[in-house]
Protein chains: 2
Amino acid sequence: MDEKTLRIGQLAGLAGVSQDTLRFYEKHGLLNPQLRSEAGYRLYSPADAQRVSFILSAKRVGFTLNEIHDLLALEVTRDEKSCEDVKRFVDEKLITVNQRIQEMQRMKNSLQTLSNACCGGDEPATHCTILEVLSAHGDAELNLQGAV
Amino acid sequence: MDEKTLRIGQLAGLAGVSQDTLRFYEKHGLLNPQLRSEAGYRLYSPADAQRVSFILSAKRVGFTLNEIHDLLALEVTRDEKSCEDVKRFVDEKLITVNQRIQEMQRMKNSLQTLSNACCGGDEPATHCTILEVLSAHGDAELNLQGAV
DNA sequence: GTTGACTCTAGACCTTACTCTAAGGTTTAT
DNA sequence: ATAAACCTTAGAGTAAGGTCTAGAGTCAAC
């Protein structure tokens, strides 16, 4: 009604989440639409919508809602100290993301090998599991040090 | 005692998870060590340990325990039908993994930009948030179609 | 002027993935 | 031979991230 605002159902539809989820995010401080209609309906601005988009993206990448809350709260000001803090926090997240990308790549290779090796080839595999693929191309050499 | 088997505490230590977690995985069919000592202690073979390694890796990559269960159950036999099924399933997972890798890359770029732009440069940023970075380099153009 | 689609709040409930507790048996070291 | 460190089971409890329900107000259309 106001300008380019969306009501909760519209935003939920666009974002592919439920209205409950949007209210849940609001309750947990990840979102807070400033506007309300006369009747008390939430009105989401384009900035709010972008925020939702970011939240979902960060979630898919493996951040928890708490971490996303912290990411959203990041704000560099003239204050030198805050600047340091932000850099440290962000660089930490970067390390995590890089590790996860590498692990993803390994998983991708394993899946690809499984897909290639097992089907449609000239030489029909007689027996093949993902664990065998992993040991075959050496990735999974019992690197049991999950705890970094 | 037997050969190269590990008791639950040893495997848990190596894998960086709790003993409870290993029993939990067993209860949910992701793991089932065949051997027990006289006293009824679980004895994990190297293959069991590899399985644990796979589970943790797959988890970090974003698969749920249910999905991991299915991945572990994949087994290509001479049976043509099973082969088709496996390929379909694996290719589906490959698509997911690829999407996630791309999203990770975008998140990495955003974090990198934030890290670079906000600190230590000659030109001190006066104001900068992750959302502003995102809109600045165009990634987050309200692509609100999270639901594929 | 009322039917149907939409929104509100508060609070109960659910799933996933553990984590802890209790009550007890085993193994090793002293 | 007994304490300390290990293992067993069954079942209750927890945290994260929603999801559902009830009861009620709102808005557009017929």
Side-chain angles (χ1 to χ4, degrees), chain A residues 1-2 5-45 48-49 51-72 96 146-147, chain B residues 1-2 5-45 48-49 51-72 96 146-147:
Chain A
M1 288 205 159
D2 232 311
T5 62
L6 297 168
R7 274 169 309 157
I8 197 165
Q10 300 175 304
L11 180 52
L14 284 170
V17 299
S18 73
Q19 306 183 10
D20 277 329
T21 297
L22 294 179
R23 292 195 202 97
F24 177 83
Y25 288 165
E26 185 175 339
K27 198 160 82 181
H28 289 71
L30 285 106
L31 212 51
N32 75 321
Q34 296 291 321
L35 287 153
R36 291 272 179 143
S37 74
E38 295 270 297
Y41 290 11
R42 289 167 181 80
L43 297 173
Y44 295 91
S45 70
D48 291 323
R51 219 174 156 85
V52 170
S53 171
F54 176 81
I55 293 167
L56 298 178
S57 185
K59 236 173 63 68
R60 279 192 294 270
V61 163
F63 288 112
T64 66
L65 295 190
N66 275 334
E67 290 173 314
I68 294 169
H69 183 271
D70 293 347
L71 282 171
L72 285 168
T96 314
Chain B
M1 288 203 156
D2 230 313
T5 61
L6 297 168
R7 275 169 308 156
I8 197 165
Q10 300 176 304
L11 180 53
L14 283 171
V17 299
S18 73
Q19 305 182 12
D20 277 328
T21 297
L22 294 180
R23 290 194 203 97
F24 177 84
Y25 288 164
E26 184 174 340
K27 198 159 83 181
H28 289 72
L30 284 106
L31 211 53
N32 74 323
Q34 296 292 321
L35 287 153
R36 290 274 178 142
S37 74
E38 296 270 298
Y41 289 10
R42 288 167 181 80
L43 297 173
Y44 294 92
S45 70
D48 291 323
R51 220 174 155 85
V52 170
S53 170
F54 176 81
I55 293 167
L56 299 179
S57 184
K59 236 172 65 66
R60 280 191 295 272
V61 164
F63 288 111
T64 66
L65 294 188
N66 274 335
E67 288 173 317
I68 294 169
H69 183 272
D70 293 348
L71 282 171
L72 285 167
T96 313

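No hydrogens, no waters, no symmetry mates; every other heavy atom, side chains included, goes into these values.
- Take B:T64 and apply the side-chain contact (heavy atoms from CB on, under 4.5 Å) test, not counting sequence neighbours, and it matches B:N66, B:E67.
- OP1 or OP2 of C:dC8 has at least one side-chain nitrogen or oxygen of A:R23 nearer than 4.0 Å.
- Taking 4.0 angstrom as the limit, A:Q19 places a side-chain polar atom (N or O) nearer than this to OP1 or OP2 of C:dT7.
- Inter-residue side-chain proximity for B:Y44 and B:L22 is flagged as met; some heavy-atom pair is nearer than 4.5 Å.
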Derivation of the salt bridge (Lys or Arg N to Asp or Glu O under 4.0 Å) call for B:R51 and B:D48 | CA-CA 5 Å; B:R51 220 174 155 85; B:D48 291 323; 5.9 Å; no
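- Nearest-nucleotide assignment on DNA chain C puts the 5′-proximal partner with B:N66, out of B:N66 and B:E38.
- Where B:Q10 and A:L65 each meet DNA chain D at their nearest nucleotide, the meeting point lying more 5' is that of B:Q10.
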Using the 3.5 Å cut-off, write out each protein N or O paired with an N or O of nucleotides 21-25 of chain C and the distance between them.
| unit_1 | atom_1 | unit_2 | atom_2 | d |
| --- | --- | --- | --- | --- |
| C:dG25 | N2 | B:Y41 | OH | 2.6 |

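- In this structure, A:H69 and A:G29 approach most closely via the heavy-atom pair CD2-O, 3.3 Å.
- Closest approach to the A:T21 side chain among C:dA17, D:dT19, C:dT7 is made by D:dT19 (side chain taken as heavy atoms from C-beta onward).
- Applying the salt bridge (charged side-chain N to carboxylate O under 4.0 Å, His left out) rule to A:D70 yields no partners; only residues at least two apart in sequence or on another chain are considered.
- The side chain of B:R36 contributes no N or O atom lying less than 4.0 Å from OP1 or OP2 of C:dT26.
- The nucleotide whose nearest atom lies closest to any side-chain atom of B:F24 is, among C:dA17, C:dT7, D:dT9, C:dA17.
- You'll find that the side chain of A:K59 is closest to D:dG18, out of D:dT9, D:dG18, C:dT16.
- Close to D:dC7, at under 4.0 Å from its OP1 or OP2, lies no side-chain N or O of B:R42.
- Annotation: of the two residues near DNA chain C, B:S18 and B:R7, the 5′-most nearest-nucleotide partner is B:S18.
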